[in-house]
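In what follows, a structure is listed as structure tokens, so that the remarks can point back to it.
The sequence lines fix the lettering, A, B, ..., with proteins before strands; numbering per chain opens at 1. All values below were derived from every heavy atom in this structure, side-chain atoms included, with hydrogens, water molecules and symmetry-related copies excluded.
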Amino acid sequence: MKNNCIEMSIPTPEGQFTARYTKEGLAELDFPNGHHPARGSVAENSKDRDFSRRLPQIKKWHRATQSALKTILAGKVPRKFPPLVIAGSEFQKSVWRQLRKISRGKTKSYGEIAKAIGRPKAVRAVGGACGANPIPVLVPCHRVLAANKKIGGFSGGLDWKRRLLAREGVKL
DNA sequence: ATCTTAACTGTGT
DNA sequence: ACACAGTTAAGAT
């Protein structure tokens with residue numbers, strides 16, 4: 001999402017997250033201090049007519065995002081989600097679709113995901129797709145571990161991955 | 001238990 | 001065409 005986004009922040013006990021919306025829904029979520037440099041800016045976009053017309057709706061989505069995020073941070077299961085804008089290659093989308101099937105407190109390996117999407121050998125590419133996930137936490141890329149049940153990697157920082165899993169009662 | 005290495009695949013440049 | 005990445009399984013130490 002380059003330009004057509006409106007950016008809003010989410011204060012939590014764990015720091016300030018940043019959410020970006022298109023007119024379709026939530027497109028990106030960033031960890032505190034993990035801001036992406038090359039993405040849309042508020043000042044520029046908030047003048048967009050289309051966006052000002054939809055602002056009330058976006059605010060509503062934003063409330064859903066905030067509550068969902070905080071709920072997950074608290075280790076519980078959100079009742080409501082904002083509409084998610086899933087933008088990526090077919091491969092990535094199929095991976096992210098699998099991620100969303102992993103429920104709270106459960107985990108899968110990169111290899112299992114690869115198998116599930118019918119590309120059993122694309123394990124490494126699956127890792128790449130997880131890292132490219134624009135909506136972490138809500139799309140639970142943190143629930144994917146390495147084959148040996150070890151932590152694996154995490155683009156948002158391993159400390160976050162551990163923290164999120166701990167909140168869900170997952171042990172390594 | 002830890003380290004090294006070779007296979008493998010989608011993505012960005 | 002090439003290098004890289006949130007891997008993996010197998011072999012050596």
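Note on Phe81(A): it does not cluster hydrophobically with Val77(A), by side-chain heavy-atom contacts below 4.5 Å among ILVMFWY residues.
The closest side-chain heavy-atom distance from Leu165(A) to Lys161(A) is below 4.5 Å.
Arg79(A) meets the side chain to side chain donor-acceptor pair (under 3.5 Å) test with no other residue; sequence neighbours excluded. Shown here are the side chain to side chain donor-acceptor pair (under 3.5 Å) partners of Thr107(A), two or more places apart in sequence or in another chain: Lys149(A). Partners of Lys59(A) according to the salt bridge (Lys or Arg N to Asp or Glu O under 4.0 Å) rule, which considers only residues two or more places apart in sequence or in another chain, do not exist here. A search for side chain to side chain donor-acceptor pair (under 3.5 Å) contacts involving Glu168(A) returns His142(A), Arg143(A), not counting sequence neighbours. For Arg163(A), the side chain to side chain donor-acceptor pair (under 3.5 Å) criterion is met by Glu14(A), not counting sequence neighbours.
Note on ring orientation: taking the six-membered ring where Trp is involved, the planes of Trp160(A) and Phe17(A) are perpendicular (angle over 60°, cut-offs 30° and 60°).
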Kindly list each side-chain donor-acceptor pair under 3.5 angstrom involving residues 113-141 of chain A, sequence neighbours excluded, with atom names and distances?
from	atom 1	to	atom 2	distance (Å)
Asn133(A)	OD1	Ile135(A)	N	2.9
Asn133(A)	ND2	Val139(A)	O	3.0

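Residues from residues 106-114 of chain A with heavy atoms under 4.0 angstrom of DNA chain C, sorted by number: Ser109(A), Tyr110(A), Gly111(A). Contact check of residues 135-149 of chain A against DNA chain C (heavy atom, cut-off under 4.0 Å) returns Cys141(A), Val144(A), Ala146(A), Ala147(A). Within residues 151-172 of chain A, no residue places a heavy atom under 4.0 Å from DNA chain B.
Shortest non-hydrogen contact noted between Trp61(A) and Glu24(A) is CH2-C, 3.6 Å.
Between dC8(B) and dA5(C), the two C1' atoms lie 12 Å apart (nearest whole Å).
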**Report entry** Val144(A) and Leu99(A): CA distance, side-chain angles, deciding distance, side-chain contact (heavy atoms from CB on, under 4.5 Å) verdict
**Finding:** CA-CA 8 Å; Val144(A) 186; Leu99(A) 298 191; 3.4 Å; yes
Query - Val85(A)/Leu26(A) under side-chain contact (heavy atoms from CB on, under 4.5 Å): CA gap, chis, key distance, verdict - result: CA-CA 6 Å; Val85(A) 179; Leu26(A) 175 66; 5.9 Å; no
Report task. Apply side-chain contact (heavy atoms from CB on, under 4.5 Å) to Thr65(A) and Ile10(A), showing your working. Result -> CA-CA 9 Å; Thr65(A) 303; Ile10(A) 306 179; 3.7 Å; yes
Report task. Could you summarise the pairing of DNA chain B as dot-bracket text, marking Watson-Crick and G-U pairs under 3.5 Å with ( ) or [ ] inside the strand and | across strands? Result -> |||||||.|||||
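In this structure, Lys23(A) places its NZ atom where only 12 or fewer heavy-atom neighbours from other residues, nucleotides or ligands lie under 6.0 Å away.
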So which protein N/O to nucleotides 9-13 of chain B N/O distances come out below 3.5 Å?
from	atom 1	to	atom 2	distance (Å)
dG10(B)	OP1	Arg119(A)	NE	3.4
dT11(B)	OP1	Ser89(A)	OG	2.1

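Contacts classified as salt bridge (Lys or Arg N to Asp or Glu O under 4.0 Å) and involving residues 94-114 of chain A (residues at least two apart or in different chains) are not found.
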